[in-house]
Structures are given as structure tokens and as C-alpha cells.
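Worth knowing before you read on, the calculation uses all heavy atoms, side chains too, and leaves out hydrogens, waters and symmetry mates. Letters go in sequence order (proteins before strands), and every chain restarts at 1.
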There are 2 protein chains.
Amino acid sequence: MRTPHVTIEAPVASRLPGPPPPSAAGPAKTKGAPGVQSESASTGVRTRSQHQRRKRIVQAAAALASRGGVEAMQMRTVAERAGVALGTLYRYFPSKMDLVVAVVGEEIDLLESSIERRPPGATTPPGRAVDVLMRATRGLMREPELADALIRSLIMAEVDTPFGDRMAGLLLRVAGDGLTAETATEEQFALAGSLASVWVHELLEMLRGRRTYEQIQRRIEIAATRLLVDFQPPPSA
Amino acid sequence: MRTPHVTIEAPVASRLPGPPPPSAAGPAKTKGAPGVQSESASTGVRTRSQHQRRKRIVQAAAALASRGGVEAMQMRTVAERAGVALGTLYRYFPSKMDLVVAVVGEEIDLLESSIERRPPGATTPPGRAVDVLMRATRGLMREPELADALIRSLIMAEVDTPFGDRMAGLLLRVAGDGLTAETATEEQFALAGSLASVWVHELLEMLRGRRTYEQIQRRIEIAATRLLVDFQPPPSA
DNA sequence: CCGAAAAGTAGAACACATTCTATTATTTGT
DNA sequence: ACAAATAATAGAATGTGTTCTACTTTTCGG
């Protein structure tokens, strides 16, 4: 299982071979066509009660993680708090990591809707990117234990981790004023991705107690300024 | 223990409170002068046999990790292969992570001496940085299991992780032609650090099978070009 | 409504990091 | 060289993720 690939293989489509139920922590593969995609079909869910269960599980997990971090989020405890059997929990989330990924997914959803509600106001691409990243930073700082748990686990995750990609996409959108993974050049995409990874790293350093909020801001600004120079707002040119 | 800090406290000097013996997984602080460095004083070791033990342990650990990755590197097995008791192993390395850090330290040492032997030939700062990073990448690729194990563990590590810092320092040296953490500006240091974190991230993606060597190279080049623009070789100006 | 398949449950079982205990070397100060 | 201190050892014990078993409900096609 823990075999690193190194050479890309199949596009890593569906990871879970047999698992029949909902599961599909699969934050998905940037759904081929950005059209619809009823979450019922995608996740292979059957009934509504399964959605309920899944939600209860993720909720319980998040609540526990908000307290003592990943270690407080013990599978037995999560199952108990969610009112499901341990076996069921494992049916929904084949490993603790998958559960963590699901929790993170919700957090990112939150950030994205927050961005939509109140878009970054800065006038330059780097400015907007920094704005978004620092907003995300503050959000995560509110629940240090959870943030710590989530970020680390995500990095460790064997499962498909849309974290970096989603962040990169988000940055692309706000920095490139409407750019998407499709309309951006490969280079721009790479740059957004780089900025995202710098952010993640700084966040980790902060959680380790080796950076203050201000230091992170400074470093993110420095990196963003360099990395996003070519993101001149498309129209004005 | 798993409490993230968020607000910097004491400069996190010595982590191990009481542990009397060797320990000091401390891959050291980029030895001031690249000259000698009797490994006896630095680690606070007592006898020679302890050096032997320590070395045997790290060796056994590395060997095991080269095979099945972190999971093959089980503490019991390491202890056995190294010919020490489990308790002793834990006396030297309070946790598996510490052991991993030690193994990584050796790898980095290897890279550094390789760099010294054959310095990057490129003429631009970004070029030299890319050279070094890709050389490191190739080195790690030779033992994917080990690389995977090491990188992940390092990122997860609660312990002081000189990884990023050492890499940043190394980049600073090769890119800024002789710059050190001391002579560089805070900004340059931050930029080198950013590049290092981008590299680590790309490496992880590769180990996950989501990047090819070529893609990494391309991305590193893109990021390095932007991040190291101000690193103009100091003299020519 | 019936029976098979799928999902859920309770709880035992297993694996591995980490800790603890009792005992036996080794080292060290004098 | 001797006693106290320190290191090492063998191995049991603990904690938590993960797996497995046997059994009960739900769901669903007919």
C-alpha cells in the first residue's frame, strides 16, 4: 500500500476498488466537465440516511479535532459520537486520513464561499492572492488544533488530495481575475500552485510555533509578489 | 504533546528535556565552517560504543526504509537489526520521527558533500538552484520508498526539522554565490525558503505519482526563475 | 410480501508505536 | 578496585488504528 509511484500511471481515477457504499471521500477529479454532477451519482450514495450518516460522521470528526487535534479524533470516538458502529465508520472512510480529507474539504468549501461573499479587494494580483491566503490563515488559526491536524494529515495523505489543487485554483481565480485551470497557461497554473505550497509550508511552520502571523504575511507577500508578476489583470493591457 | 503553538514561544532551542544519552538527532546546524567537525562533541555522546550503536541504528533504519518505506522500518525490527534492545533504541531516538530525522540528516549530508565535490555549473542563480534541486531529486528518486518515507515524516515531524532550513541555506549558498543565512537579507532568505518548500511539495507530488521528473523540473524552473531574480551574482554589479 | 444482497452493529482480534518493569552490564568518581 | 550512577536488555503492558467475525436490519427486485 504505501508504495510511492514515482512514475505516473493511470490518471488515478477511482481509488476505492470494491467499497460499495458512499465513501468516495474523493474530493473528486476536477469533474471532467464543469457541468452538473448530482452528488448522488458521483459519490455512489444510495439513500438519504446515508448522507445523514456521512454528515454526522464528518461533523463529529471535526468537532473532536477542534479539541485535541488528530489524536483526539480517534476512530472509536468518532464512531461513537456519530452514533455509528466502528465498522460502519470504516465503510464510509477506509482510513482516518480519508476522514481528515473530508473534514478539510468542508473547511475549503467554507473558505470558498467566504471568498465569494466578500471577494478580495486588493487591486493587484499578488495583493488579492495575499488577501485570500491570509484570510484562510486566520480562519485556520481560529482552530489551531484542527488546522494542525488537517494540514499535516493532508500532506501525509496517500489519498488524492485536492488541497493544493483547490487552493491553486482559488488563487488563480482571484489573482488572475476569473482565470480557471482551463483558461490559465500551464505556467500560471504552476505559479499558483507554487504559491499555494509556500503558504502550506508557512502555515505548518506557524503551527510548529516557528512563525508569527506577521512573519507569514511578510513571507507570503514576498513570494506572491515574485510569483504572480505575470498575472497582470487581463483587460487593461 | 500534539499541541500546535501558533504563537511563538521560546526559540525552541533544545527539545529533549532530560534524555541523558546521545540522542541529539540534531542533523546539526550547518556546521559553521565546512572544515572538520568531530562528531563526538556535537551530539553530546559519551563513549565510542555509543557512536557505534547510534550509527548501527541509523544504518539499520535506513536499510529497512529503503525497502518497504516507513512501515517496513518498524521500531522492533530496527532495534533487532541494529542489535540493541527496544528500550535502548528509544533512549537514542525518543520516537520514530526522530529516527527518521536522523536518517534524513545523513541524506542531506550526502547531498551537501556532493554539491561541494561538484558545484552546480549554471551561470545564473536560478539555474544553479534548479541544478541543485534536481540533483537532490534524482538522488531521492533512487530510493523512492525511502524518499517517500523521509519526506512525509519530516513534514509531519513535531521535532525540529532542519530540512527546509538546510535546503534553504544550501540554495542560498549556490544561488547567491556564497551567501549564508547571515549575509543574506531577510527577503533573500525567505525566497530561498519558498523555493525549498515548492520543491518539497513537488517531490511529494511525484512520490504520489502525480508528477513526472520532467514536470517537476519545469515547475521548479518556473518558480526558481521568479523567486530568485534578485540574486544577481553580487560581484559583477 | 419473499428472499437475496447490501448495510449496519457490537465487539473481539491484530499490528505496531510507545511505555513500563525488573534485571544486568558498564561507566565513573574517588 | 568499589560503590553509586548510568546504560542496556528482555520482555510485558498499553493505546489506538485497522481488520475481522457473527449477527441483525434495510433495501430492493420480483
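The CG atom of B:Leu64 sits 11 Å away from the P atom of C:dA17 (whole-angstrom rounding). Atoms CD1 (B:Ile57) and C1' (D:dT9) sit 13 Å apart, rounded to a whole Å. The interatomic distance linking B:Glu71 (CD) with C:dA15 (C1') rounds to 12 Å, in whole Å. With rounding to whole Å, A:Arg91 atom CZ is found 14 Å from D:dC20 atom P. Atom pair B:Gln52:CD and C:dT26:P shows a separation of 15 Å (rounding to whole Å applied). In this structure, B:Phe93 places its CZ atom 16 Å from C1' of C:dA17, rounding to the nearest Å. Atom pair A:Met73:CE and D:dG17:C1' shows a separation of 12 Å (rounding to whole Å applied). Rounded to a whole Å, the CE atom of A:Met75 is 8 Å from the C1' atom of D:dG17.
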Q. Should A:Met141 and A:Met206 be marked as a side chain to side chain contact (heavy atoms under 4.5 Å, CB included) after you check the CA-CA gap, both sets of side-chain angles, and the distance that decides it?
A. CA-CA 9 Å; A:Met141 278 205 323; A:Met206 179 172 76; 3.1 Å; yes
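When distances are taken from the side chain of B:Lys96 to each of C:dT18, D:dT18, C:dG8, the shortest belongs to C:dT18. Closest to the side chain of A:Arg76, out of C:dA7, D:dA7, D:dT16, is D:dT16.
For the OP1/OP2 pair of C:dG8 and a distance below 4.0 Å, the side-chain nitrogens and oxygens of A:Gln50 include at least one atom meeting the criterion.
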Compile the donor-acceptor pairs under 3.5 Å between side chains in residues 56-68 of chain B and protein atoms, sequence neighbours left out, one pair per line.
| unit_1 | atom_1 | unit_2 | atom_2 | d |
| --- | --- | --- | --- | --- |
| B:Arg56 | NH1 | B:Ala82 | O | 2.5 |
| B:Ser66 | OG | B:Ala62 | O | 2.7 |

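To the nearest 0.5 Å, the span separating CD on B:Gln215 from CZ on B:Arg210 amounts to 11.0 Å. Of the inter-residue distances, the one linking A:Met134 atom CE with A:Ile220 atom CD1 reads 7.0 Å to the nearest 0.5 angstrom.
Judged by distance alone with a 3.5 Å cut-off, no donor-acceptor contact links the side chain of A:Arg53 to the base of C:dG8.
Listed by chain and number, the residues in a salt bridge (charged side-chain N to carboxylate O under 4.0 Å, His left out) with B:Arg218 are A:Glu186 (sequence neighbours excluded).
Mapping B:Gln74 and B:Ser49 onto DNA chain C by nearest heavy atom places B:Gln74 at the nucleotide closer to the 5' end.
B:Ala223 and B:Val198 get closest at one heavy-atom pair: CB-CG1, 4.2 Å. When every heavy atom of A:Ile216 is checked against every heavy atom of A:Glu202, the shortest pair comes out as CD1-O, 3.4 Å. Minimum interatomic distance between A:Ala196 and A:Ala168 (heavy atoms only, all atoms of both residues): CB-N, 4.2 Å.
Residue pairs meeting the salt bridge (charged side-chain N to carboxylate O under 4.0 Å, His left out) criterion with at least one partner in residues 133-144 of chain B, sequence neighbours excluded, are B:Asp131-B:Arg135.
In the helix from C:dC1-D:dG30 to C:dT30-D:dA1, the end axes, each obtained as the rotation axis mapping the C1' atoms of four pairs onto the next four within a five-pair block, lie 30° apart to the nearest 10 degrees.
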Identify each atom pair where a protein N or O and an N or O of nucleotides 23-25 of chain C are less than 3.5 Å apart, giving names and distance.
none

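The stretch residues 80-90 of chain A comes close to DNA chain D through A:Leu86, A:Tyr90, each having a heavy atom under 4.0 Å from the strand.
A:Thr88 places no side-chain N or O within 3.5 Å of a backbone atom of A:Val84 that could act as its donor or acceptor partner.
Residues B:Leu172 and B:Thr180 are not in side-chain contact: their nearest non-hydrogen atoms beyond the backbone lie 4.5 Å or more apart.
Side-chain contact annotation: B:Trp199 with A:Ser197, donor-acceptor N/O pair under 3.5 Å absent.
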